[in-house]
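As the structure lists them, so they are numbered: ligands from 1, and atoms in each ligand from 1.
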Amino acid sequence: MIRLGINIDHVATLRNARGGTHPDPVRAALEAVRHGADGITAHLREDRRHIRDEDMRRLKAALTVPLNFEMAATDEMVAIASALRPHACCLVPERRQEVTTEGGLDVAGQKDALAPKIRRLQTAGIRVSLFIDPDAAQIHAAAALHAPVIELHTGAYAEDPSEGALTRLQDAADLAGALGIELHAGHGLTTANVGAIARLPGLKELNIGHFIIGEAVFVGLGQVIADMRHAIRKGRGETDHDRRK
Ligand SMILES: CC(=O)[C@@H](O)[C@H](O)COP(=O)(O)O
Ligand SMILES: NCC(=O)COP(=O)(O)O
């Protein structure tokens with residue numbers, strides 16, 4: 001079964017709109033777990049626009065499922081993550097002015113700078129994942145840095161679900177498999193577009209946030225997680241009966 005990680009960043013976006021404590025992203029994470037989330041993802045941005053340091057500490061203390069800490073590959077973030085020791089760190093690119101993560105990390109172009117940071121996280125016992133575009137050079141660079149996991153940025157496919165965009169993701173998935181790298185995917189996924197992504201060869205995990213949190217306003221978190229699971233199984237040609245396999 002594909003693991004479903006729920007990204008709770010945008011519960012914090014809503015909380016921060018009023019500067020108080022409600023809605024609490026940790027409560028949302030626990031609720032997502034109660035409804036079957038296999039993991040929780042949270043992105044501590046350098047500008048702290050949604051998730052904050054204290055949220056990460058509280059998530060680490062409260063969760064019984066793996067915590068996937070998304071972060072820029074900066075010395076500050078590496079120090080925070082090394083002290084917190086989440087299950088995984090997913091290194092993502094950040095541009096202060098962007099509305100959301102626009103592309104993948106340029107692993108090929110920043111190999112020398114990334115190598116010691118990845119080593120430090122791994123020394124702290126953290127599983128490192130690299131959030132990259134579906135590009136062969138980036139995947140070879142991830143392999144050269146001994147990253148055990150890559151997460152493919154599915155944003156281009158979500159924006160324009162063309163054959164070309166899907167073929168790029170499939171080719172990248174094949175290459176990751178050939179190089180022995182565990183495959184995750186995420187960004188911009190919805191119940192309508194997740195099907196083809198769920199069929200990527202070797203895919204082990206999806207991380208989905210914005211759609212799930214937004215849709216929860218209308219149908220509730222439990223229902224949208226169930227709907228997402230159903231869409232994933234349908235995309236893979238599985239029946240709901242197959243769900244315990
Ligand atoms: C890296 C990624 O795809 C998501 O975590 C996304 O970045 C969520 O945070 P933003 O919506 O602030 O980009
Ligand atoms: N890494 C992708 C993620 O965690 C969620 O992205 P989105 O669904 O909020 O676009």
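- Per-residue contacts place Gly188 under 4.0 angstrom from the following atoms of ligand 2 (heavy atoms of the residue considered): 7 (P), 8 (O), 10 (O).
- The aromatic rings of His153 and His187 sit tilted, their planes meeting at an angle between 30° and 60°.
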**OP:** Take Glu54 and Arg52 through the salt bridge (charged side-chain N to carboxylate O under 4.0 Å, His left out) test and state the conclusion after the steps.
**Re:** CA-CA 5 Å; Glu54 184 57 18; Arg52 296 183 173 154; over 6 Å; no
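- If you check which protein heavy atom lies closest to atom 3 (O) of ligand 1, you get His187 ND1, 2.6 Å.
- Here the protein heavy atom with the shortest distance to atom 4 (C) of ligand 1 is Glu70 OE1, 3.3 Å.
- Of the listed residues (Ile6, Asn207, Val194, Thr154), the one carrying the non-hydrogen atom nearest atom 3 (C) of ligand 2 is Asn207.
- Neither the backbone nor the side chain of Thr41 has any atom closer than 4.0 Å to an atom of ligand 1 (non-hydrogen atoms only).
- Of the N and O atoms on the side chains of Thr41 and Asn68, at least one donor lies less than 3.5 Å from an acceptor on the other residue.
- In summary, of the residues considered (Arg3, Glu70, Glu151), a side chain to side chain donor-acceptor pair (under 3.5 Å) with Asn207 occurs for Glu151 alone.
- Closest to atom 6 (C) of ligand 1 by heavy atom, among Thr101, Leu44, Val99, is Thr101.
- With a heavy-atom cut-off of 4.0 Å, His10 touches ligand 1 through its side chain alone.
- Under 4.0 angstrom from ligand 1, there are no non-hydrogen atoms of His153.
- Taking every heavy atom of Asn7 and a limit of under 4.0 angstrom, the matching atoms of ligand 2 come to 3 (C), 4 (O), 5 (C).
- Not close to ligand 1: Glu98, with no non-hydrogen atom less than 4.0 angstrom away.
- Although no hydrogens or angles enter the test, the distance criterion places no donor-acceptor pair under 3.5 Å between the side chain of Arg45 and the main chain of His50.
- Judged by distance alone, the side chains of Glu94 and His43 do bring a donor and an acceptor atom under 3.5 Å apart.
- Arg15 places no side-chain N or O within 3.5 Å of a backbone atom of Asp24 that could act as its donor or acceptor partner.
- For the residue pair Gln223/Asp227, the side-chain donor-acceptor check at 3.5 Å is satisfied.
- Comment: Arg120 does not engage Asp75 in a salt bridge, judged by the lack of any side-chain N to carboxylate O separation of less than 4.0 angstrom.
- Every atom of ligand 2 with a heavy atom of Ile208 under 4.0 Å away is listed here by number and element: 8 (O).
- Atom 6 (O) of ligand 2 has His187 CA, 3.7 Å as its closest protein atom, hydrogens excluded (heavy atom only).
- Short contacts between ligand 2 and Glu70, defined as distances under 4.0 Å to a heavy atom of the residue, involve ligand atoms 1 (N), 2 (C), 3 (C), 4 (O).
- One N or O on the side chain of Asn193 and one on the backbone of Gly188 form a donor-acceptor pair closer than 3.5 Å.
- Between the side chain of Arg49 and the main chain of Arg96, a donor-acceptor pair closer than 3.5 Å is present.
- Listed by atom number, the atoms of ligand 2 under 4.0 Å from Thr41 heavy atoms are 4 (O).
- The backbone N or O of Glu46 lies less than 3.5 Å from a partner atom in the side chain of Arg48, making a donor-acceptor pair.
- Only the side chain of Asp9 comes within 4.0 Å of ligand 1, counting heavy atoms alone; its backbone N, CA, C and O stay farther away.
- When each atom of ligand 2 is checked for a heavy atom of Glu151 under 4.0 Å away, the hits are 1 (N), 2 (C).
- Taking every non-hydrogen atom of Gly209 and a distance limit under 4.0 Å, the qualifying atoms of ligand 2 come out as 5 (C), 7 (P), 8 (O), 9 (O).
- Residue Asn7 has at least one nitrogen or oxygen atom sitting less than 3.5 Å from a nitrogen or oxygen atom of ligand 1, judged on distance alone.
- Short contacts between ligand 2 and His210, defined as distances under 4.0 Å to a heavy atom of the residue, involve ligand atoms 7 (P), 8 (O), 9 (O).
- At a 4.0 Å heavy-atom cut-off, ligand 1 touches His50 through the side chain alone.
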